[in-house]
J.: 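Structure below; questions to follow.
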Amino acid sequence: GASLTALNASELGSGTVPTARLGSGSASSSVFLAGDSTWIAAGGTAGTPNFLAVASTQSIGNSSDTAVINPTEVFDTDSLYNTSDGKFTITASTEGVYWIFGQCGYALMTSTRTQNQIWVNGSLNTTDKDGARTEYGIVSSYGSIGAAKLINLADGDYVQFYTNQVSGGSISLSGEKDKNFFGGFRIA
């Protein structure tokens, strides 16, 4: 068999080394060569992706966890927020640790108990990705409260903002964009 000998820089000559000689996979501007000789996706910039959606006016039923759907995107760098179901869904290239936050304000608060929640994958509590919940019992015409949490999200994970009020009937959200919002951004 042929023997392999070490190659030194003077034997390379000029030009470039074909990427196939450097490792498995293909080189491009969006990947880099890792120490194990594989090409992997370059990490995203902290702060992106990010999104902010505002201005829900939906009616929230009595004593029922309800996904809040903010219909107006202020920004959504990677088109991950869905204005029809309120889901922010992660893709393989956008995995990471996110700061997720939301708030809702009612048009006329008559509830004696209100909760705002961040759900992950359709639940407030999962085996490895718990959401967040805040609760208050103040009856105020202008009540609003938020919830926020750091969450490690992987490909296919989604987050939604939920609310639950106990007033004895339905109450509408005010639609004010400074009181009704849902957003987040990757920090790592």
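Keep in mind the model is a prediction, meaning the values are calculated, not measured. All values below were derived from every heavy atom in this structure, side-chain atoms included, with hydrogens, water molecules and symmetry-related copies excluded.
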J.: What is the minimum heavy-atom distance between Gly168 and Asn62, and which atoms define it?
T.: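 Closest heavy-atom pair between Gly168 and Asn62: N-OD1, 2.7 Å.
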
J.: Would you name the heavy atoms of Glu73 and Thr83 that are closest together and state the gap between them?
T.: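 Taking every non-hydrogen atom into account, CG-CG2, 3.8 Å.
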
J.: Return the minimal non-hydrogen interatomic distance between Asp157 and Asn152, and the atom names on each side.
T.: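 Smallest interatomic distance, heavy atoms only, reads OD2-O, 4.2 Å.
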
J.: Keeping the roles fixed (side chain from Gln58, backbone from Ala67), state whether a donor-acceptor pair exists under 3.5 Å.
T.: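 Yes; at least one donor-acceptor contact below 3.5 Å.
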
J.: Have Thr48 and Asp78 got a donor and an acceptor in their side chains that come within less than 3.5 Å?
T.: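 No donor-acceptor contact under 3.5 Å links the two side chains.
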
J.: Ring centroids only, cut at 6.0 angstrom: are Phe181 and Phe161 within range, meaning strictly under it?
T.: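 No; Phe161 has its ring centre 6.0 Å or more from that of Phe181.
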
J.: Just by distance, do the side chain of Gln117 and the backbone of Leu124 share a donor-acceptor pair under 3.5 Å?
T.: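 Judged by distance alone, no pair lies under 3.5 Å.
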
J.: Please determine, by modelled atom types, if Asn116 and Thr163 share a side-chain donor-acceptor pair under 3.5 angstrom.
T.: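 Judged by distance alone, the side chains do pair up.
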
J.: Supply the atom-to-atom distance Ile118 CD1 to Lys149 NZ, rounded to the nearest 0.5 angstrom.
T.: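 Those atoms lie 9.0 Å apart.
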
J.: Thr57: what forms a side-chain contact (heavy atoms from CB on, under 4.5 Å) with it, not counting sequence neighbours?
T.: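 For Thr57 there are no side-chain contact (heavy atoms from CB on, under 4.5 Å) partners, ignoring immediate neighbours.
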
J.: Say whether, by atom type as modelled, one donor and one acceptor occur between the side chain of Asn70 and the main chain of Thr72 under 3.5 angstrom.
T.: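 Checking the backbone N and O of Thr72 against the side chain of Asn70, no donor-acceptor pair under 3.5 Å is found.
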
J.: Show me the donor-acceptor pairs, under 3.5 Å and distance only, between side chains in residues 95-102 and residues at least two apart or in other chains.
T.:
residue: Glu95; atom: OE2; partner: Asp155; partner atom: N; Å: 2.8
residue: Tyr98; atom: OH; partner: Thr94; partner atom: O; Å: 2.5

J.: For Ser170, check side-chain contact (heavy atoms from CB on, under 4.5 Å) against everything at least two apart and list the hits.
T.: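 In terms of side-chain contact (heavy atoms from CB on, under 4.5 Å), with neighbours along the sequence ignored, Ser170 is linked to Ser59.
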
J.: Quick one: pull up OG1 in Thr114 and CD1 in Ile171 and give me the separation to the nearest 0.5 Å.
T.: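 With rounding to 0.5 Å, OG1 (Thr114) is 6.5 Å from CD1 (Ile171).
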
J.: Mind checking what makes side-chain contact (heavy atoms from CB on, under 4.5 Å) contact with Lys87, not counting sequence neighbours?
T.: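 For Lys87 the side-chain contact (heavy atoms from CB on, under 4.5 Å) partners, ignoring immediate neighbours, are Asp85, Thr89, Tyr158, Gln160.
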
J.: Kindly state each residue pair satisfying salt bridge (charged side-chain N to carboxylate O under 4.0 Å, His left out) with at least one member in residues 98-109, sequence neighbours excluded.
T.: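 Output for this query is empty, none listed.
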
J.: Provide the closest heavy-atom pair for Arg186 versus Ser93 in the form atom of the first, atom of the second, distance.
T.: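 Scanning both residues completely, I find the closest heavy atoms to be NH1-O, 3.6 Å.
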
J.: Parallel under 30°, tilted from 30 to 60°, perpendicular over 60°: which one fits the rings of Phe51 and Phe182?
T.: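 It falls in the perpendicular class, over 60°.
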
J.: My understanding is that only residues two or more places apart in sequence, or in another chain, count here; which of them pass side chain to side chain donor-acceptor pair (under 3.5 Å) with Thr66?
T.: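 Once residues adjacent in sequence are excluded, Thr66 has no partner under the side chain to side chain donor-acceptor pair (under 3.5 Å) criterion.
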
J.: Give, for atom CG of Asn50 and atom CG of Leu80, the distance between the pair rounded to the nearest 0.5 Å.
T.: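 Answer for the CG-CG pair, Asn50 versus Leu80, is 9.5 Å.
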
J.: With a 3.5 Å distance limit and no angle check, can you tell me whether Ser63 reaches the backbone of Val166 through a side-chain donor-acceptor pair?
T.: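 Answer holds: no.
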
J.: To the nearest 0.5 Å, what is the distance between CG (Asn121) and CG (Leu153)?
T.: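 Between Asn121 CG and Leu153 CG, I get 8.0 Å after rounding to 0.5 Å.
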
J.: How far does OH of Tyr162 sit from SG of Cys104, to the nearest 0.5 angstrom?
T.: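 Answer for the OH-SG pair, Tyr162 versus Cys104, is 13.0 Å.
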
J.: Work out which heavy atom in Ala53 is nearest to a heavy atom in Tyr81; give both atom names and the distance.
T.: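 The pair with the smallest heavy-atom distance is CB-CE2, 3.4 Å.
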
